[in-house]
Amino acid sequence: LPMAPVAAVAIGLVLTGGDLGTALILIAIVVGALFFAGVRLWILAIPFVMAAIVGPAIAFSSESRSARTQAFLEGCSSVNDYVGSCWQTVHGWWALAAGGVFGAGLGNSKAKWSWLPEADNDFIFAIIGEELGLVGAITVLVLFIVMAVAFVRIIRTNADPFARIAASAVMIWIVGQAFVNIAVVLGLVPVLGVPLPLISSGGSALVTSMLAIGIVLSFAREKTQS
C-alpha cells in the first residue's frame, strides 16, 4: 500500500506524456520488485486485471497508437499499412533479411540512410542484424541472457532484502526493456518506442543504465548467503 500511490503517480505522469512503452516498463519494474519482495501472487494479479481492462482503452486513445495497434493485429499485410503504420516494421524486417548470416559489414547498412526511422535508437537491433547478420543479432541476445543470469545469481546469493529487491528491479528494467525492443523489431508486439539499453543512442539513458548496473555490482561484492 505505501508504494502504490508513488508508483501510480510516476506511471500516470508518463502516460500523460503519451509514452505507453515506458509506462509498460515501469509497471513491469513495480510488479517484478513486488514479486521478489514476496508479495502474494493474488495481489500481483490485480495490476494485470487492471491492465487488461484499461490497456485497450489506452492503446486506442490516440490516432497514432490506434493505427499502429490495428496494423499489428492485421499482420502488416496491407499495402496501405506498409506505406503508413507498418513502414518501420517492414523496413526493419528488410534490414534483418538483408544481413543474412554474417551481415553486410560494420557500417555498411543501407536501411539507416533515411529508409528506417529511428534507426539509431528504437530500431537499432535491425541495423545490428543488417550489418552483423544473424551471428551478430544472436550475440546481442546471448549477452542480455548472460546479464539476466548474472542478475539472478546476485539475487539468489544475497541475504539483504533491499539488495534482492533493487537487483531484481534493475534486472527487469534493463533485460525486460531489451527484449521488448527486440520483440518490436521482430514484429512480435506493436511499435512502442522503447530503446535498446546500453546500445541505442542517448547519453542520459546510458549513464542511468550503467549507474543501475553499478549498484547491482556493489551488492555482488558482499559475499552473503541466503
Side-chain angles (χ1 to χ4, degrees), residues 18-25 28 55 59 62-151 171-206 209-210 213:
D19 193 344
L20 180 59
T22 302
L24 293 176
I25 298 299
S62 71
E63 184 177 350
S64 174
R65 280 198 296 264
S66 177
R68 285 182 292 175
T69 303
Q70 188 64 35
F72 167 76
L73 294 175
E74 294 176 357
C76 290
S77 57
S78 169
V79 175
N80 294 330
D81 288 338
Y82 159 69
V83 297
S85 302
C86 281
W87 179 274
Q88 265 186 300
T89 301
V90 173
H91 278 81
W93 292 342
W94 288 354
L96 289 170
V101 177
F102 299 105
L106 194 62
N108 292 329
S109 168
K110 296 181 176 65
K112 67 184 179 182
W113 299 112
S114 300
W115 287 105
L116 181 60
E118 308 298 336
D120 58 339
N121 42 58
D122 296 351
F123 273 72
I124 188 67
F125 186 75
I127 305 304
I128 293 173
E130 184 182 9
E131 295 188 351
L132 303 180
L134 179 64
V135 173
I138 291 178
T139 300
V140 172
L141 282 171
V142 170
L143 289 174
F144 278 110
I145 292 172
V146 170
M147 181 181 292
V149 172
F151 277 130
M171 176 184 68
I172 293 168
W173 165 27
I174 295 179
V175 179
Q177 182 171 315
F179 283 98
V180 168
N181 174 276
I182 294 171
V184 167
V185 175
L186 296 178
L188 301 178
V189 297
V191 178
L192 295 173
V194 175
L196 187 61
L198 304 174
I199 297 178
S200 292
S201 65
S204 59
L206 178 62
S209 298
M210 294 180 69
I213 293 173

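Here the structure is a predicted model, which is why all the values come from computation and not from measurement.
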If we check side-chain contact (heavy atoms from CB on, under 4.5 Å) with Leu132, which of these qualifies: Val140, Thr139, Leu106, Ile127?
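Result: among Val140, Thr139, Leu106, Ile127, Leu106 is the only option passing the side-chain contact (heavy atoms from CB on, under 4.5 Å) with Leu132.
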Approximate separation, where rounding is to 0.5 Å, of [X] [atom1] and [Y] [atom2]:
X      : Y      : atom1 : atom2 : answer
Ile174 : Ser209 : CD1   : OG    : 5.0 Å
Ile213 : Phe151 : CD1   : CZ    : 5.0 Å
Leu141 : Ile182 : CG    : CD1   : 4.5 Å

For Ile138, which residues count as a side chain to side chain contact (heavy atoms under 4.5 Å, CB included) partner, sequence neighbours excluded?
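Ile138: side chain to side chain contact (heavy atoms under 4.5 Å, CB included) contacts with Leu134, Val142.
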I need the minimum non-hydrogen distance between [X] and [Y], along with the two atoms involved.
X      : Y      : value
Ala137 : Gly129 : CB-CA, 4.5 Å
Ala126 : Gly92  : CB-O, 3.8 Å
Trp87  : Pro117 : CD1-CD, 3.6 Å
Gln88  : Leu116 : O-CD1, 3.4 Å

Side chains of Ile199 and Ile128: does their closest heavy-atom pair fall under 4.5 Å?
yes
With a 4.5 Å heavy-atom cut-off, do Val185 and Leu96 have their side chains touching?
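They are in contact (side-chain heavy atoms under 4.5 Å apart), so the answer is yes.
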Please evaluate residues Val149 and Phe144 with respect to the criterion side-chain contact (heavy atoms from CB on, under 4.5 Å), reporting the C-alpha separation (whole Å), side-chain torsions for both, the decisive distance (0.1 Å), and the verdict.
CA-CA 9 Å; Val149 172; Phe144 278 110; over 6 Å; no
Is there a side-chain contact (heavy atoms from CB on, under 4.5 Å) between Val184 and Phe123 once you walk through the steps?
CA-CA 8 Å; Val184 167; Phe123 273 72; 4.1 Å; yes
Between [X] (side chain) and [Y] (backbone), is there a donor-acceptor pair under 3.5 Å?
X      : Y      : result
Ser200 : Pro195 : no
Asn181 : Gln177 : no
Trp93  : Leu186 : yes

Any luck finding a side-chain donor-acceptor pair between Asp120 and Ser201 under 3.5 Å?
yes
If you look only at pairs with a residue in residues 124-134, which of them pass as a side-chain hydrogen bond (donor to acceptor under 3.5 Å, both in side chains), with sequence neighbours excluded?
Ser109-Glu130, Lys112-Glu131
Could you check whether the rings of Trp115 and His91 sit parallel, tilted or perpendicular, using 30° and 60° as the cut-offs?
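Rings of Trp115 and His91: parallel, as their planes differ by under 30°.
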Donor-acceptor pairs are to be reported for all side-chain atoms of residues 187-194 against protein atoms at under 3.5 Å, with residues two or more places apart or in another chain.
none

